[in-house]
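What follows is a short report on a single structure.
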Amino acid sequence: MKARTEPSARDGYIRVKKLALIGAGKLGEGLLSGMLGSQLIPVGAVAATVAHQPRADYLASKYGVKAGVDNREAVAGADLVLVCLKPQQVKGFLHEVKKDLRKDALMISAAASVTTALIERELGHPARVIRAMPNTPCLIRHGMTAIARGQHATDEDVSLAQAIFRSMGRTVVADEKHMDAITGLSASGPAYVYLIIESLAEGGVKLGLPRDLSTELSAQTLLGASAMVLHTGEHPAKLKDVVTTPAGCTIDGLLELEEGGLRVTLIKAVVRAAQRARQLVESQNS
Ligand SMILES: NC(=O)c1ccc[n+]([C@@H]2O[C@H](COP(=O)([O-])OP(=O)(O)OC[C@H]3O[C@@H](n4cnc5c(N)ncnc54)[C@H](OP(=O)(O)O)[C@@H]3O)[C@@H](O)[C@H]2O)c1
């Protein structure tokens, strides 16, 4: 499990002369902040775009990057284009900048449900394209981003995408055919986990714990248990067995969870969300 994540880190700036960061909203700003904070790219190499000038002014004054509302100007001469637009805006953007885009530019798209095939098709040349599926904890650098390559992207392109998204958390490289499953698991997953945190905290409240204390106990317990899985590389069942003393308290709690169908419910949640992701991909890419 550990072997496929986190390739060796590279020190210093990524080899990019000009980065066009298109759609610098929540995710785009998180990436900008992560990349500048990790000193992956110099401030002067970034040209960011958004839809509204006041947002551009905010980005320029906060980060010192060039920011505006002109996508064509931003992509002109860029060797890396990072697309953080809403999915439904991607096609329009590609049409808009097609003529200004360098043929040898690498395009990394974080737009949910937009496939590399769609981008390649819209650009009309054998473009190097990478698709990334981050999740919201990326915004505090504890994210999980899955990275899939298009048919013309190279190993070096994949490493570069990993270096970029590693500035916001962990990365894994996956085949694009798994992106719907990944969407249902790690992209939607934070919402499932918030529900679990909230429910555990309610258990504490039911037993008389103050709500703040209960929520902190619950959230840190999930964080710690997750870290145990990632750091030890042990199967979660084995770690569960360590907590579960014979005739102790935990086995009684586990019995309740089994009776309530927690496992099946979570499995079904991932499957349903992945099915919805597939529907969105089909409607987005037709
Ligand atoms: N947020 C996450 O953690 C997360 C996680 C996984 C995937 N994603 C994906 O990332 C993408 C962006 O999500 P988000 O949450 O960051 O959305 P967001 O905050 O709404 O950001 C979208 C940005 O695009 C800008 N924009 C709109 N039209 C534009 C255009 N024609 N040219 C240039 N910029 C334009 C908007 O500018 P204004 O601000 O000026 O309106 C806004 O800043 C989505 O495809 C989403 O699926 C996000």
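Remember, predicted model here, so these are calculated numbers, not experimental data. Just so you know, ligand 1 is whichever comes first in the structure, and atom 1 is the first atom listed for that ligand.
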Protein heavy atom at shortest distance from [atom]:
atom                    : value
atom 21 (O) of ligand 1 : Gly25 CA, 3.2 Å
atom 45 (O) of ligand 1 : Leu85 O, 2.7 Å
atom 3 (O) of ligand 1  : Thr136 CA, 3.4 Å
atom 37 (O) of ligand 1 : Ala51 N, 3.0 Å
atom 33 (C) of ligand 1 : Asn71 OD1, 3.4 Å
atom 19 (O) of ligand 1 : Lys26 N, 2.9 Å
atom 38 (P) of ligand 1 : His52 ND1, 3.5 Å
atom 6 (C) of ligand 1  : Pro134 O, 3.2 Å

Ligand 1-proximal atoms of Arg55, by part, heavy-atom distance under 4.0 Å: side chain

Suppose I only count heavy atoms of [X] and a 4.0 Å limit; which atoms of ligand 1 are within that range?
X      : value
Pro87  : 44 (C), 45 (O)
Ala111 : 45 (O)
Ala112 : 45 (O), 47 (O)
Ala110 : 7 (C), 8 (N), 9 (C), 10 (O)
Ala24  : 43 (O)
Gln89  : 27 (C), 28 (N)

Check: [Y] main-chain N/O paired with [X] side-chain donor or acceptor under 3.5 Å:
X      : Y      : value
Asn135 : Met144 : yes
Ser109 : Ala111 : yes
Glu176 : Thr116 : yes
Thr145 : Thr171 : no

When the side chains of residues 213-220 are checked against the rest of the protein, which donor-acceptor pairs come out under 3.5 Å, sequence neighbours left out?
from   : atom 1 : to     : atom 2 : distance (Å)
Ser214 : OG     : Ala201 : O      : 2.7
Thr215 : OG1    : Arg211 : O      : 2.9
Ser218 : OG     : Ile197 : O      : 2.8

Considering only NZ, NE, NH1 and NH2 on the basic side and carboxylate oxygens on the acidic side, decide whether [X] and [Y] come within less than 4.0 Å.
X      : Y      : answer
Arg278 : Glu282 : yes
Lys17  : Asp79  : no
Arg55  : Glu29  : yes
Asp104 : Arg102 : yes

Sole residue of Val129, Leu82, Ile147 in side chain to side chain contact (heavy atoms under 4.5 Å, CB included) with Ile108: Leu82

Close approach of Ala187 to ligand 1, heavy atoms, under 4.0 angstrom: no

contact_flag Cys138 ligand 1 heavy-atom lt 4.0 Å: no

Residues that Glu73 engages under salt bridge (Lys or Arg N to Asp or Glu O under 4.0 Å), provided they are two or more places apart: Lys66

Selection from Leu27, Val114, Thr49 by shortest heavy-atom distance to atom 14 (P) of ligand 1: Leu27

From Gly92, Cys84, Gly30 - option closest to atom 22 (C) of ligand 1 by heavy atom: Cys84

Greater than 12 external heavy atoms within 6.0 Å of His125's NE2: yes

